[in-house]
Amino acid sequence: MTGKNTRLLLVDGNSIIFRAFYAIRTQLTNHDGLHTNAIYGFKLMLDSVLTTYDPSHVLVAFDAGKKTFRTEKYAAYKGQRDKTPSELTEQFGLVKELLQAYGITSYDLPNYEADDIIGTMAAQAEAAGYDVTVVTGDRDLTQLATDKVTVAVTKSGVTQMENYTPAYVQEKLGVTPRQIIDLKALQGDSSDNYPGVTGVGPKTAVKLIKQYESVEALYENLATMKKSKLKEHLEQDQANAFLAKDLARIRQDAPVAVTLADTQRQPVDIDQLVDLYQRLDFKRFLAEIHADQAGRADKKSQLAVDILTNVQDLTTVEYHDGDNLAFVIEVDGDNYHRAPLAGFAFKINDHYFASRDVTLLQEKPLRNLLESATIPVDVFDSKQTYVALNRLGITLRQVNFDLLLVSYLLNNADNSKDMGKLAQEHNYFELTSDEKLYGKGAKRALPADDAVFCGHLAQKTKAIHDLEQQLLTELQQNEQVPLYVDIERPLAIVLAQMEIAGVRVDTDKLMEMQSKFGERLAEIQTAIYAEAGEEFNLNSPKQLGVILFEKLKLPVIKKTKRGYSTAVSVLEKLRGMAPIIDNILAYRQLSKLQSTYIEGLLKVVAPEDGKVHTRYTQTLTATGRLSSVDPNLQNIPVRLEEGRQIRQAFVPSQPGWEIFSSDYSQIELRVLAHVSGDHNMQQAFRDDFDIHTNTAMRIFGIDDPEQVTANQRRQAKAVNFGIVYGISDFGLAQNLGISRQQAKRFITTYLENFPGVERYMREIVEYAREKGYVETILHRRRYLPDIKSKNFNLRSFAERTALNTPIQGSAADIIKTAMIQMQDALQSRGLQARMLMQVHDELIFEAPQEEIPLLEKVVPEVMDSAVQLDIPLKVESKHGATWFAAK
DNA sequence: TATATGACG
DNA sequence: CTTCGCGTCATATAC
């Protein structure tokens, strides 16, 4: 059998897997915590060589085990090798499965190494007239290179190869491929753990082999060599040299049972591959398979979509009770409060219709669908949909299924806001991602073609429906239906209403502060330049580092990746050593306020109403908290007086109104007292005792609260917070500036005094290890695949997360529940007061002055009864003419 | 695009 | 023996 289409690819399986394992350092694991990096890398390598060499035949050879004929000849062979990490061994079987799905033969032979299988097959194939390519990460195999056999050795990563032909070997090493065995005979191999001739390294070996051509010839002529240390060593180590040559020689006559015919490539088994990729969570590869198949199927799945262009077209819209309705409104940009509304699509059972003209939604037939209290609508993101429709004067009434929200509840890790990508996470590939269809960054543009654009939107409505049953079933299995139906789904609408309401900003006040701060910054800057003796960019940590640590020779406390750290913690330690430090600290503080809060805020005030309309992200955090963007209203300064002034610019939207705010007192510690069931902690909360003083009394062994000093209370407070976050003695020591032993004593004493907390900490980590996730009181989940990691850092982090998430997440559950009930309470009492902001444990309202007394009663009542814990919740309220004055 | 810094709970 | 408490977002600069 000859011909140019017969090319045999021989892959050194073990070597490539090891290579992939160490080359791909990213933490890749599937949903069960199984490591997948080596499989991933192997797959990349395989695709790359299959494309490059397009072989008709392929064989992947593996080592059969540790024992081989080489270990029989020499017991210490490869004896120095570390045990293969379990993160890697667990991947071997799956690589073999991958090969099977690819239609590629894999083979191992007891007593022989993969190298020998490759050597033997290469010889057979060459004799049969094949072209042969060997793929390996091991240079030793280059000894197999001939005119017909090329050896590709991985260079960097797993897909970059260096091709060794005989000519290339000659050029690189100065010897022929077969002579590589002779080189190794003389120099030995430290990684395979066998010696050669004492004192002979690569240089001498090459020189000798060039001169004598082989080890055998060298020893035949050894007598003629003139007396030297080298000659003595060669004589002494002759046995070693011949043993090494035997070990180094790759066998070409191993009793291999596969024939060349067996190595012929078989068709790829798509079903098996899909099954494997699903188990491995290889989303991207699944998407590739799907795209490939879709391409082949010649787009037969194109939906029939009615494209509506005018009011007359609406006569085709028909809805009957019980029909399924899915709806999508496309917003061209992130900020759905302002970005253009680009089009919409409906799905009613199997009828799809779409349009670019969003004003058609205002017409009766469509408006009725969305505003009906009895027609449930399925959407992707109900909050965005509600806000967008609100801009058209339409009120979305009945959301049934919200794909984004449900997906987030099922797994809050990697939840894309791009529906196509999110669908892929659930193994659904019929929807192109927005990023792919629209492009990203500067190149982003909606398709000009109506059929393409409307077809895409219609496809979105289909994706929502296609995923609905599957996701709702999973939700049910997780016991998360109430979390969705009672909390997150109604909360989306509450948040939409808060965002739409917006917060009035006093821009005059901000501009006044801007010029005041500007002057002050200029003064400080001048002073700093004088003290530094030169001008430089104060905002550059790099340039500042040079001034402080090189020019002024201040001691270096901490380094960063790029150079000296100039963080506040460092500067504080340098205080008093140079007057410049205080000025730098003042400058930092002020410029932060100026750029982020004053100028940043001014940029996002809507000119139409003088308000900021933040967006609360409901599907982002791992714990269940909200986040706030554009602007972030959850990190407006409060701790330092100068920064707190910014809050003077947050004002009520109507004259005679006030800002009213209520916050939960110690909610996280109360949640800890609840979930841990610790009696001592619970008692303190029931007695409404100062919790930090209580902790101080216990860890310092004080009976009388009057005897607790301010410093003891401060330290106790740090311990309390540390416990919530999953404490370490090191962390606490850092925080309090005490010794590690002292910190350790604090923690031990704490846990002795709060045995329920101690038990909780043990049990929650055990729970996470068993189930792979932790839960909040309302069944919000967080998966922790790293909890079983052998990497200390990753595992410790997962353990701390296991402690912290149920606490932080349950607190989030509580305030979310309160927010839904709050909106009802305000409405049912006919109050004008409006809920405007949520800052994790705090709700902020605006209200007419005369409603304040009622709010002082109603708001805390709703908040402290939102969720019943074993201990009471406590709420504190305040109000004033501005957010600043509400204190 | 990544890093350093600093604002919040 | 390791590690250096959790969750966010915005800005400016360096790469």
Side-chain angles (χ1 to χ4, degrees), chain A residues 412 440-441 536-545 558-571 584-585 587-601 603-604 614-617 620-640 642-644 646-647 663-669 671-672 718-736 740 743 747 761 774 782 790-809 811-812 815 837-843:
Chain A
N412 44 28
K440 65 172 171 179
F536 60 100
N537 186 347
L538 253 172
N539 293 321
S540 161
K542 193 180 167 191
Q543 295 182 34
L544 179 60
K558 202 168 97 184
K559 287 221 164 208
T560 67
K561 241 176 212 171
R562 289 204 226 269
Y564 314 107
S565 169
T566 63
V568 163
S569 60
V570 171
L571 297 180
I584 291 167
L585 286 166
Y587 179 89
R588 278 266 174 86
Q589 201 193 350
L590 222 53
S591 71
K592 175 80 181 178
L593 294 176
Q594 183 78 312
S595 61
T596 304
Y597 295 103
I598 297 179
E599 287 165 357
L601 215 48
K603 268 187 250 174
V604 293
T614 188
R615 291 180 338 267
Y616 290 103
T617 324
L620 184 140
T621 68
T623 54
R625 276 190 176 181
L626 300 174
S627 78
S628 155
V629 292
D630 200 14
N632 180 356
L633 293 180
Q634 295 181 317
N635 72 344
I636 303 299
V638 66
R639 291 173 191 168
L640 298 174
E642 295 91 323
R644 192 172 199 156
I646 303 282
R647 295 184 172 219
D663 69 284
Y664 284 109
S665 165
Q666 308 294 357
I667 189 159
E668 292 196 341
L669 286 171
V671 169
L672 175 61
V719 174
N720 277 335
F721 277 99
I723 293 291
V724 169
Y725 294 141
I727 204 164
S728 74
D729 50 6
F730 191 99
L732 184 64
Q734 279 268 296
N735 200 305
L736 285 175
R740 205 164 145 171
I747 295 169
M761 290 174 68
V774 289
R782 179 172 186 178
K790 298 210 163 42
N791 178 322
F792 179 88
N793 273 333
L794 291 176
R795 189 178 64 249
S796 301
F797 187 76
E799 287 171 358
R800 291 196 297 271
T801 312
L803 295 172
N804 174 258
T805 295
I807 299 171
Q808 196 183 109
I815 195 165
M837 294 184 266
Q838 188 253 42
V839 191
H840 309 306
D841 63 356
E842 180 183 16
L843 295 175

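Letters A, B, ... mirror the listed sequences (proteins, then strands); counts begin at 1.
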Would you say [X] reaches [N]'s phosphate, i.e. side-chain N/O to OP1/OP2 under 4.0 Å?
X: T596(A); N: dA7(B); result: no
X: R625(A); N: dT8(C); result: no
X: S540(A); N: dA14(C); result: yes
X: R639(A); N: dA7(B); result: no
X: R782(A); N: dG7(C); result: yes
X: T805(A); N: dC6(C); result: no
X: S565(A); N: dT5(B); result: yes
X: N804(A); N: dG5(C); result: no

[X] side chain: which of [options] is closest?
X: V629(A); options: dC9(C), dT11(C), dG6(B); value: dC9(C)
X: F792(A); options: dT8(C), dT3(C), dA10(C); value: dT3(C)
X: K592(A); options: dT8(C), dG6(B), dA12(C); value: dG6(B)
X: T801(A); options: dT5(B), dG5(C), dG7(C); value: dG7(C)
X: R740(A); options: dT3(C), dG9(B), dT13(C); value: dT3(C)
X: Y725(A); options: dA14(C), dG5(C), dA12(C); value: dG5(C)

Would you tell me whether T805(A) and T623(A) have side-chain atoms, one donor and one acceptor, within less than 3.5 Å of each other?
->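 Result is no, nothing qualifies.
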
So, does T614(A) use its side chain to make a donor-acceptor pair with the main chain of V629(A) at under 3.5 Å?
->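 Checked: pair present.
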
Where the side chain of R740(A) meets the backbone of A733(A), is there a donor-acceptor pair that is under 3.5 Å apart?
->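 Judged by distance alone, no pair lies under 3.5 Å.
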
Base [N] paired with [X] side chain (donor-acceptor, <3.5 Å):
X: R800(A); N: dG7(C); result: no
X: Q808(A); N: dC6(C); result: yes
X: N635(A); N: dG9(B); result: no

Please report, rounded to the nearest Å, how far the [atom2] atom of [N] is from the [atom1] atom of [X].
X: Y587(A); N: dA12(C); atom1: OH; atom2: P; result: 10 Å
X: L590(A); N: dT11(C); atom1: CG; atom2: P; result: 17 Å
X: L585(A); N: dG6(B); atom1: CG; atom2: P; result: 8 Å

Under the side chain to side chain donor-acceptor pair (under 3.5 Å) test, residues paired with Y597(A) that sit two or more places apart =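 Here the qualifying residues are N635(A).
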
Can R625(A) and E668(A) be counted as an ion pair, charged N to O under 4.0 angstrom?
->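 The answer is yes: the pair qualifies as a salt bridge.
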
Could you check whether A811(A) gets within reach of a base, just the sugar-phosphate, or nothing at all, counting any heavy atom under 4.0 Å?
->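 Answer is nothing: A811(A) stays at 4.0 Å or more from every strand.
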
